[in-house]
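As the structure lists them, so they are numbered: ligands from 1, and atoms in each ligand from 1. By convention here, the first residue in the shown sequence is residue 1.
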Amino acid sequence: MKHLQSKQIAVIGAGPGGLTLARLLQMHGANVTVLERDSSRESRNQGATLDLHDESGLAALRAADLMDAFREKYRPGADSLLIMDREAHVLHADASSRGLTTERPEIDRGPLRDLLIDSLQPGTVLWDRKFEGLTEIASRVHLHFADQDSFVADLVIAADGGNSRVRSYVTTIRPVYSGVTIVEGNIADAASHLPHFLERLSGGYRAILAVGGEKSLATGTKGDGSAAFYCGFKVPENWSKETHAGFADAAGRLSWFHETCPGWSSFFDPLFTHTNQLTPRPQYYCPFDQHWDAKPNMTLIGDAAHVMPPYAGEGVNMAMLDALILATELCSERWTETQSAIAAYEQEMFTRTAEVAQMTMHNTAMFHSPDAGMQLVEMFRGFATESQALSASQVLDT
Ligand SMILES: Cc1cc2nc3c(=O)[nH]c(=O)nc-3n(C[C@H](O)[C@H](O)[C@H](O)COP(=O)(O)OP(=O)(O)OC[C@H]3O[C@@H](n4cnc5c(N)ncnc54)[C@H](O)[C@@H]3O)c2cc1C
């Protein structure tokens, strides 16, 4: 990795992709700084539980030598799932089958972020750095932030998520609206506000996925006693930009749910009355054939490179695998210049994430189809058959 010697690397965004990359690069002795928009590591609720896949998210954690930290913070059984129809009838109970517990252990987003930050050299993450633009002067990149001094780097890696502001400096290809928007909610104290949910989840289940009427609703508890949910439905792209006055109070949120999801059981009502807000998140994906020529000093990882809806649970896994592959290429003795390493990473990334994005868009359509319940049950029964041979500790012990 002679080409990186005495170079300053800037990673923009302290999500799972950017932090994993910083950790892997520091293990190889690289000089890396992460610049993050959030004002501090505590400043924002970090969202729901994520499942890490053996061949991607977990592979990156193993390479980062963070499996011990992961074992301390993951949530055994968090993936055990009840699939329901909109009348709250259980269609399928997936407690131990796929071993979503074996191949796909789950961890809350906050603890994952914490373990990655704690693995970095002190002072690696500079908070309160909202990227606004860049200028290239000679071979160096001057990064500009809102209300902060510029930062000068030799290599810039954009890990600033699905609304990446860096992406346009690498490619003119824009993400495409998927046709589905999610509203996300969080309930601080699930035991007080959702006792009937917890009762239904007794027996070791942690999450419910309900589908019906071309809508989906996924909800689960988190390790801190809170619950999160996201409700997916088909609307035009600009729906999220309109003002939703009804979202301001509990009664308005509930009547929005009743209007948007007719025929859904009152079992789901407390989610909408007890969430403190509803956050609209239109879902995008990148063209399956996206491609650009490698730049000498800039690339994209994670959602910034290939945002996709969450219906295959691949987004965080692809972000962390990008980090692993990019770090491996950048630190390989094969390359004498950074551009060749970036090109090798991007070629692999284009092919891999095109396949995953197609599968994700298939699932997105399936979750919001008229016979979603039947198709989901078939899919989960297929998972169970595939993974009967795995023992509960097989993956985590490796
Ligand atoms: C409701 C929902 C549920 C999901 N569920 C799952 C799931 O179950 N499984 C799964 O694998 N994936 C899921 N995803 C997708 C997953 O969250 C993303 O794919 C993953 O977080 C991508 O990681 P990342 O590091 O690329 O980006 P992000 O996690 O988005 O991190 C980007 C970081 O960059 C920072 N940033 C943004 N803009 C700027 C800026 N201008 N300047 C500086 N910093 C900036 C952000 O604050 C953030 O810290 C879900 C997504 C949503 C919306």
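Geometrically, ligand 1 and A319 share no nitrogen or oxygen pair separated by less than 3.5 Å. Considering backbone and side-chain atoms alike, G315 places an N or O below 3.5 Å from some N or O of ligand 1. In terms of polar-atom proximity, K130 is not counted as a contact of ligand 1, lacking any N or O under 3.5 Å from an N or O of the ligand. Every N/O-N/O distance between D51 and ligand 1 stays at or above 3.5 Å.
Between E184 and T275 the shortest side-chain heavy-atom distance does not fall below 4.5 Å.
Heavy-atom distances between R113 and ligand 1 reach below 4.0 Å in at least one pair. Ligand 1 lies within reach of R109, whose nearest heavy atom is under 4.0 Å from it.
With ligand atoms numbered from 1 in the order given, ligand 1 contributes 25 (O) to contacts under 4.0 Å with heavy atoms of G17.
When T49, N317, L50 are ranked by how near their heavy atoms come to atom 13 (C) of ligand 1, first place goes to L50. Relative to atom 51 (C) of ligand 1, the option among G185, G313, P310, A304 with the closest non-hydrogen atom is P310. Distances from atom 31 (O) of ligand 1 to the heavy atoms of G15, P309, S56 put G15 nearest.
The existence of a salt bridge linking D303 and R167 is excluded, since no basic side-chain nitrogen approaches an acidic carboxylate oxygen closer than 4.0 Å. Ion pairing between a basic and an acidic side chain is recognised when a charged N comes within 4.0 Å of a carboxylate O; R165 and D160 show no such pairing.
The closest protein non-hydrogen atom to atom 40 (C) of ligand 1 is F131 N, 3.6 Å. Nearest protein neighbour of atom 27 (O) of ligand 1, counting heavy atoms only, is G161 CA, 3.7 Å. Protein heavy atom nearest atom 43 (C) of ligand 1, with residue, atom name and distance: R129 O, 3.2 Å. Of the protein's non-hydrogen atoms, the one nearest atom 48 (C) of ligand 1 is E36 OE1, 3.5 Å. Protein heavy atom in closest approach to atom 29 (O) of ligand 1: P16 CD, 3.3 Å. The closest protein non-hydrogen atom to atom 19 (O) of ligand 1 is D303 OD1, 2.7 Å. Remark: minimum distance from atom 11 (O) of ligand 1 to any protein heavy atom is reached at V316 N, 2.9 Å.
Relative to the ring axis of Y230, R281 does not place its NZ or CZ within 45° and under 6.0 Å from the centre.
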